[in-house]
Amino acid sequence: MTYILHSDHGHAWLQVKRQELKDLGILDKISHYSYQKGDDVFLEEDCDYSRFYEAMLKISKTIDITEKCSRHDDSIVRSYKRFTK
């Protein structure tokens with residue numbers, strides 16, 4: 001499956017469906033440093049993205065990533081609501 005990595009000058013977030021996090025059993029382990037919009041969760045790069053990656057490895061699923069970079073401005077992800085369970 002292909003995921004979008006949103007990044008800007010200071011940080012990055014991997015866009016994942018909330019249901020996928022629930023199915024992996026890690027929804028309750030996602031920090032408030034991630035964001036959400038609709039059914040999408042934007043996993044912050046330092047901890048939450050790694051947690052997702054490790055969970056995917058455990059079930060032998062690969063991750064393909066397409067990057068969407070905001071080089072001069074803040075990523076729109078920063079304007080989304082903080083993640084809540």
Side-chain angles (χ1 to χ4, degrees):
M1 184 159 193
T2 300
Y3 298 88
I4 300 172
L5 182 67
H6 300 266
S7 64
D8 62 19
H9 54 88
H11 219 64
W13 306 266
L14 187 71
Q15 185 175 352
V16 178
K17 293 293 183 190
R18 178 181 283 270
Q19 185 62 48
E20 191 166 7
L21 298 172
K22 186 176 180 180
D23 293 346
L24 288 168
I26 62 170
L27 184 65
D28 64 334
K29 295 179 175 102
I30 303 303
S31 74
H32 70 277
Y33 295 110
S34 290
Y35 292 88
Q36 63 187 9
K37 183 177 181 190
D39 293 333
D40 292 321
V41 177
F42 298 82
L43 303 174
E44 62 83 25
E45 67 182 332
D46 294 324
C47 293
D48 296 334
Y49 172 16
S50 297
R51 188 169 284 123
F52 171 73
Y53 182 76
E54 289 172 9
M56 292 292 277
L57 284 178
K58 285 181 182 177
I59 61 170
S60 300
K61 286 201 175 179
T62 59
I63 298 173
D64 294 320
I65 296 174
T66 300
E67 189 169 354
K68 185 175 182 181
C69 185
S70 299
R71 297 197 188 278
H72 301 292
D73 298 318
D74 284 347
S75 171
I76 192 162
V77 173
R78 293 180 185 271
S79 69
Y80 299 156
K81 292 181 182 178
R82 290 285 182 172
F83 176 78
T84 57
K85 296 166 180 85

So, are Asp40 and Lys17 salt-bridged, with charged N and O less than 4.0 Å apart? yes

Quick one: pull up [atom1] in [X] and [atom2] in [Y] and give me the separation to the nearest 0.5 Å.
X     : Y     : atom1 : atom2 : value
Glu67 : Ser7  : CD    : OG    : 4.0 Å
Lys85 : His32 : NZ    : NE2   : 9.5 Å
Ile30 : Leu24 : CD1   : CG    : 9.0 Å
Leu5  : Thr66 : CG    : OG1   : 9.5 Å
Ser34 : Glu45 : OG    : CD    : 10.5 Å
Ile76 : Asp8  : CD1   : CG    : 12.0 Å

Is there a continuous path of hydrophobic side-chain contacts, each under 4.5 Å between heavy atoms, that joins [X] to [Y]?
X     : Y     : result
Ile4  : Ile65 : no
Tyr80 : Leu21 : no
Ile26 : Leu43 : yes

Between Arg82 and Gln36, do the side chains contain an N or O donor and an N or O acceptor separated by less than 3.5 Å? no

Indicate whether any N or O donor in one side chain lies under 3.5 Å from an N or O acceptor in the other, for Tyr35 and Gln15. no

So if I apply the side chain to side chain contact (heavy atoms under 4.5 Å, CB included) rule between Val77 and each of Lys68, Lys37, His6, which one comes out positive? His6

Is the number of heavy atoms from other residues, nucleotides or ligands within 6.0 Å of CG (Asp39) greater than 12? no

Check against side chain to side chain contact (heavy atoms under 4.5 Å, CB included), Cys47 and Tyr33: CA-CA 9 Å; Cys47 293; Tyr33 295 110; over 6 Å; no

For the pair Gln19 (side chain) and Lys22 (backbone), establish whether a donor and an acceptor sit closer than 3.5 Å, ignoring hydrogens and angles. no

Can you give the donor-acceptor pairs under 3.5 Å from side chains of residues 49-56 to other protein atoms, not counting sequence neighbours?
from, atom 1, to, atom 2, distance (Å)
Arg51, NH1, Lys29, O, 2.8
Arg51, NH1, Asp48, OD1, 3.2

Yes or no on side chain to side chain contact (heavy atoms under 4.5 Å, CB included) for Arg18 and Phe83, after CA distance, side-chain angles and deciding distance? CA-CA 10 Å; Arg18 178 181 283 270; Phe83 176 78; 3.7 Å; yes

For His9, what residues pass the ring-ring contact (aromatic ring centres under 6.0 Å, His included) criterion, not counting sequence neighbours? none

Would you please test Glu20 and Tyr3 for side-chain hydrogen bond (donor to acceptor under 3.5 Å, both in side chains) and show each step? CA-CA 12 Å; Glu20 191 166 7; Tyr3 298 88; 2.5 Å; yes

Is any side-chain heavy atom of Glu44 closer than 4.5 Å to one of His11? yes

Can you check whether Ser75 reaches Trp13 side chain to side chain, under 4.5 Å on heavy atoms? yes

